[in-house]
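Note that the coordinates shown come from a computational prediction; the quantities given were computed from them, not determined experimentally.
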Amino acid sequence: MLYRKLVGWRAAREPVYADYKAAAAARKADYHDPDLAAVVLEKTRRIRAIDPWMGVGEHQAVATLLAVTTAVTATKAVGRPLRVLDFGGAFGTAYHMVRHALPGDYQWAVVETPTFARLGVTEDHPGLRLFDSIDDAVAWLGDVDLLYSSGAIQYLPDPLGTLDRLLEVRPACTAWLRTAFSTESEVVVLQSSRLADNGPGPLPAQFKDAEVHYPRTYLPLAAFLQRFQPRYRLIIEYGDGTPTLTVGGQNLVVGQNYLFVRQGS
């Protein structure tokens, strides 16, 4: 989900739903769309062959490299692979991006929807594997040096529950990029975008552009931060400049970045 565009101004014009299930039912759509996965895969293959950094915003590039270098320093991962659990990482776009900028030894497990994972079986590279299960990914990795997620957690049916499950693996560092938050309670909308907007680069000629939809949940910021206390120390937090929205009297923000390091053993 590295390259998904966060079209915040459109979300503000969509109705607010009671929960993820109600939003998905409104258009009978979510992020399991096979056409969406096929487009992202083909775009990723093409961009990877040209330049893995193509289409990556400056804020995201800096945040990704900061997360990796922090994890290397915090875990002293010298002489062994850096073990990364990439939650919602599409077809390994962050893996290829990082290897291009910071050549090194990585053991990189991407956890995606079953639709993405099935389609991405052929995309395994040395050091990279795709899974549709957190448990299977962790079994392959062993200990996790870096839990990395970019623009993914807000598209899940139970974002905070999934966050709790991910933190159970006790990653040494954890980075949350391009995340959507509310100031008070959870807000669920139906995000709309063009198929061409998903994935890096232009829409391949064999695909026809269409409107796609997926529920997006703005997580209560306080509830998100509470999950990391007292086990983790916040290293840095910043936004990417995306304007704040107001829905139902609440401020909604997207494009927030957080980097944490675990305290103690």
Distance in Å, [X] [atom1] paired with [Y] [atom2], rounded so as to fall on 0.5 Å steps:
X	Y	atom1	atom2	result
Asp240	Thr242	CG	OG1	3.5 Å
His96	His125	NE2	NE2	4.0 Å
Leu195	Asp33	CG	CG	7.5 Å
Tyr17	Leu190	OH	CG	5.0 Å
Asp158	Leu163	CG	CG	10.0 Å
Leu160	Arg165	CG	CZ	15.5 Å

Compare every heavy atom of [Y] with every heavy atom of [X], then report the nearest pair and how far apart it is.
X	Y	value
Ala71	Leu146	CB-CB, 3.8 Å
Gly255	Asn257	O-ND2, 3.5 Å
Val188	Ala23	CG1-CB, 3.9 Å
Ala152	Ser149	CB-OG, 3.6 Å
Ser150	Arg178	OG-NH1, 3.2 Å
Val39	Asn198	CG1-O, 3.8 Å

Are the side chain of [X] and the backbone of [Y] linked by a donor-acceptor contact shorter than 3.5 Å?
X	Y	value
Glu112	Leu130	no
Lys43	Ala196	yes
Glu184	Gln250	no
Gln107	Pro81	no
Thr64	Val62	no

Should Tyr95 and Asp86 be marked as a side-chain contact (heavy atoms from CB on, under 4.5 Å) after you check the CA-CA gap, both sets of side-chain angles, and the distance that decides it? CA-CA 9 Å; Tyr95 166 80; Asp86 182 351; 5.7 Å; no

Could you point out which residue of Glu211, His213, Arg27 forms a side chain to side chain donor-acceptor pair (under 3.5 Å) with Ser192?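 Only one of Glu211, His213, Arg27 forms a side chain to side chain donor-acceptor pair (under 3.5 Å) with Ser192, namely His213.
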
Contact between [X] and [Y] at the side-chain level, heavy atoms closer than 4.5 Å - yes or no?
X	Y	result
Leu177	Tyr148	yes
Leu156	Thr217	no
Phe116	Val110	no
Phe131	Val138	no
Leu166	Leu85	yes

Using the side chain to side chain donor-acceptor pair (under 3.5 Å) rule, take Tyr214 and Arg216 through it: C-alpha gap first, then chi angles, then the decisive distance, then the call. CA-CA 6 Å; Tyr214 23 74; Arg216 176 168 68 180; over 6 Å; no

Tell me, which pairs form a side-chain hydrogen bond (donor to acceptor under 3.5 Å, both in side chains) where one or both residues lie in residues 228-238, sequence neighbours left out?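 Non-adjacent pairs meeting side-chain hydrogen bond (donor to acceptor under 3.5 Å, both in side chains): Glu237-Tyr258.
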
Step by step, would you call Asp35 with Phe207 a side-chain contact (heavy atoms from CB on, under 4.5 Å)? CA-CA 9 Å; Asp35 291 338; Phe207 295 99; 5.9 Å; no

Which residues satisfy the side-chain hydrogen bond (donor to acceptor under 3.5 Å, both in side chains) test with Asn251, sequence neighbours excluded?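 For Asn251, the residues satisfying side-chain hydrogen bond (donor to acceptor under 3.5 Å, both in side chains) (neighbours in sequence not counted) are Thr246.
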
For Arg83, all residues meeting salt bridge (charged side-chain N to carboxylate O under 4.0 Å, His left out), sequence neighbours excluded: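 Salt bridge (charged side-chain N to carboxylate O under 4.0 Å, His left out) check on Arg83 returns Asp145.
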
Can Val169 and Leu147 be said to form a side-chain contact (heavy atoms from CB on, under 4.5 Å), step by step? CA-CA 9 Å; Val169 308; Leu147 167 59; 5.5 Å; no

Applying side-chain contact (heavy atoms from CB on, under 4.5 Å), run through Leu167 and Phe260 and close with a yes or a no. CA-CA 11 Å; Leu167 291 179; Phe260 299 88; over 6 Å; no

